[in-house]
Amino acid sequence: MELGAFSVSLTVKDIEASKQFYQKLGFSIFAGEQSQNWLILKNGDTVLGLFQGMFEKNILTFNPGWNQNAEPLAEFTDIRQIQQHLLAQGIQLQKSADETSSGPAHIVLEDPDGNQIMLDQHR
């Protein structure tokens, strides 16, 4: 089961201060709109999202159907297949995808320590 591109989505207090900090660590802006309080930064294949006022806590994010450059993959495991697998493994979801749908969808779960994980399929 391939989960897709991986990033860490950080909830930040001051997006400008966070952007400057991570730029000093070698990250550069890859996508996003700072005026909308979100930026995606990259350092090599490492992807880091900065989100001000959008989430309560940090989130581990996977994007089925994308590589680390947010480019579409020719073949990938659809979010609904991933959801079926997780449910069969006894994993409870906080948010489920409509299994009768196709295309973009997302699911949310938590690990045993309360860390949020979001699988967010954009296509």
Side-chain angles (χ1 to χ4, degrees):
M1 178 174 63
E2 178 63 40
L3 299 178
F6 174 73
S7 62
V8 175
S9 299
L10 298 177
T11 183
V12 299
K13 296 175 188 171
D14 180 337
I15 196 164
E16 178 63 26
S18 295
K19 176 187 78 171
Q20 289 181 23
F21 175 82
Y22 284 103
Q23 285 177 323
K24 291 174 185 175
L25 293 178
F27 284 84
S28 58
I29 296 172
F30 176 67
E33 184 59 53
Q34 187 167 341
S35 66
Q36 296 175 1
N37 291 327
W38 70 282
L39 289 171
I40 307 299
L41 307 178
K42 280 192 79 175
N43 181 331
D45 286 335
T46 303
V47 180
L48 184 66
L50 304 178
F51 298 90
Q52 182 178 327
M54 294 185 179
F55 308 118
E56 290 183 28
K57 54 186 174 178
N58 300 334
I59 302 172
L60 303 175
T61 304
F62 295 92
N63 299 111
W66 276 3
N67 66 19
Q68 285 301 105
N69 292 314
E71 299 165 333
L73 298 172
E75 295 182 22
F76 65 96
T77 306
D78 186 80
I79 190 86
R80 284 149 284 270
Q81 290 175 285
I82 295 170
Q83 176 173 287
Q84 289 172 0
H85 175 80
L86 296 175
L87 292 172
Q89 297 295 314
I91 295 176
Q92 294 184 358
L93 303 179
Q94 293 180 311
K95 169 129 179 59
S96 301
D98 178 355
E99 293 198 17
T100 65
S101 68
S102 63
H106 69 278
I107 61 176
V108 178
L109 56 140
E110 285 188 352
D111 74 9
D113 296 300
N115 298 304
Q116 275 199 328
I117 302 168
M118 178 170 61
L119 287 89
D120 190 14
Q121 181 176 306
H122 293 275
R123 55 186 218 115

Next on the checklist: To the nearest 0.5 Å, what is the distance between OG on S7 and CG on D45?
Outcome noted: 12.5 Å
Checklist outcome for this item: Taken to the nearest 0.5 Å, the spacing of L41 CG from L10 CG works out to 9.0 Å
Checklist entry - Can you list every side-chain hydrogen bond (donor to acceptor under 3.5 Å, both in side chains) pair that touches residues 75-87, not counting sequence neighbours? => result D78-R80, D78-Q121, R80-S101, Q83-E99, Q84-E99
Item to check | Short side-chain to backbone donor-acceptor contact, T11 and F55, under 3.5 Å | outcome: yes
Next on the checklist: Donor-acceptor pair, distance only, cut-off 3.5 Å: does the side chain of D111 make one with the backbone of G114?
Outcome noted: yes
Item to check | Residues in ring-ring contact (aromatic ring centres under 6.0 Å, His included) contact with F76, at least two apart in sequence or another chain | outcome: none
Item to check | Test side chain to side chain contact (heavy atoms under 4.5 Å, CB included) applied to Q20 - qualifying residues, sequence neighbours left out | outcome: E16
Checklist entry - So, N63 side chain and W66 main chain: donor-acceptor pair closer than 3.5 Å or not? => result no
Checklist entry - Side chains of L86 and L93: closer than 4.5 Å at any heavy-atom pair? => result yes
Checklist entry - Within a strict 4.5 Å, meaning less than it, do heavy atoms of the V8 and L60 side chains meet? => result yes
Next on the checklist: Walk me through whether I15 and Q34 qualify under side-chain contact (heavy atoms from CB on, under 4.5 Å).
Outcome noted: CA-CA 7 Å; I15 196 164; Q34 187 167 341; 3.9 Å; yes
Checklist entry - Do N69 side-chain atoms and E71 backbone N/O form a donor-acceptor pair below 3.5 Å? => result no
Item to check | side chain to side chain contact (heavy atoms under 4.5 Å, CB included) against S18, all qualifying residues, sequence neighbours excluded | outcome: V12, L50
Checklist entry - Should Q23 and I29 count as side-chain neighbours, where that means a heavy-atom distance under 4.5 Å? => result yes
Checklist entry - Mind checking whether N43 and L25 have side chains closer than 4.5 Å, heavy atoms only? => result no
Checklist entry - Within a strict 4.5 Å, meaning less than it, do heavy atoms of the M118 and S9 side chains meet? => result no
Checklist entry - So, Q68 side chain and F6 main chain: donor-acceptor pair closer than 3.5 Å or not? => result yes
Checklist entry - Heavy atoms, side chains only, cut-off 4.5 Å: are I40 and L48 in contact? => result no
Checklist entry - Taking only residues two or more places apart in sequence or in another chain, which ones pass side chain to side chain contact (heavy atoms under 4.5 Å, CB included) with L3? => result M1, F62, I82, L119
Checklist entry - Which pairs, with at least one residue in residues 49-60 and sequence neighbours excluded, count as a side-chain hydrogen bond (donor to acceptor under 3.5 Å, both in side chains)? => result K57-E110
Checklist entry - Any link between I59 and F51 through a network of hydrophobic side chains (Ile, Leu, Val, Met, Phe, Trp, Tyr) touching at under 4.5 Å? => result yes
Checklist entry - F27 and T46: side-chain contact (heavy atoms from CB on, under 4.5 Å), yes or no, with the steps? => result CA-CA 9 Å; F27 284 84; T46 303; 4.0 Å; yes
Checklist entry - Could you walk me through whether V108 and Q116 pass the side-chain contact (heavy atoms from CB on, under 4.5 Å) check? => result CA-CA 7 Å; V108 178; Q116 275 199 328; 4.0 Å; yes
Checklist entry - Roughly how far, to the nearest 0.5 Å, is CG of L73 from CZ of R123? => result 6.5 Å
Checklist entry - K95 and I107: side-chain contact (heavy atoms from CB on, under 4.5 Å), yes or no, with the steps? => result CA-CA 5 Å; K95 169 129 179 59; I107 61 176; 5.7 Å; no
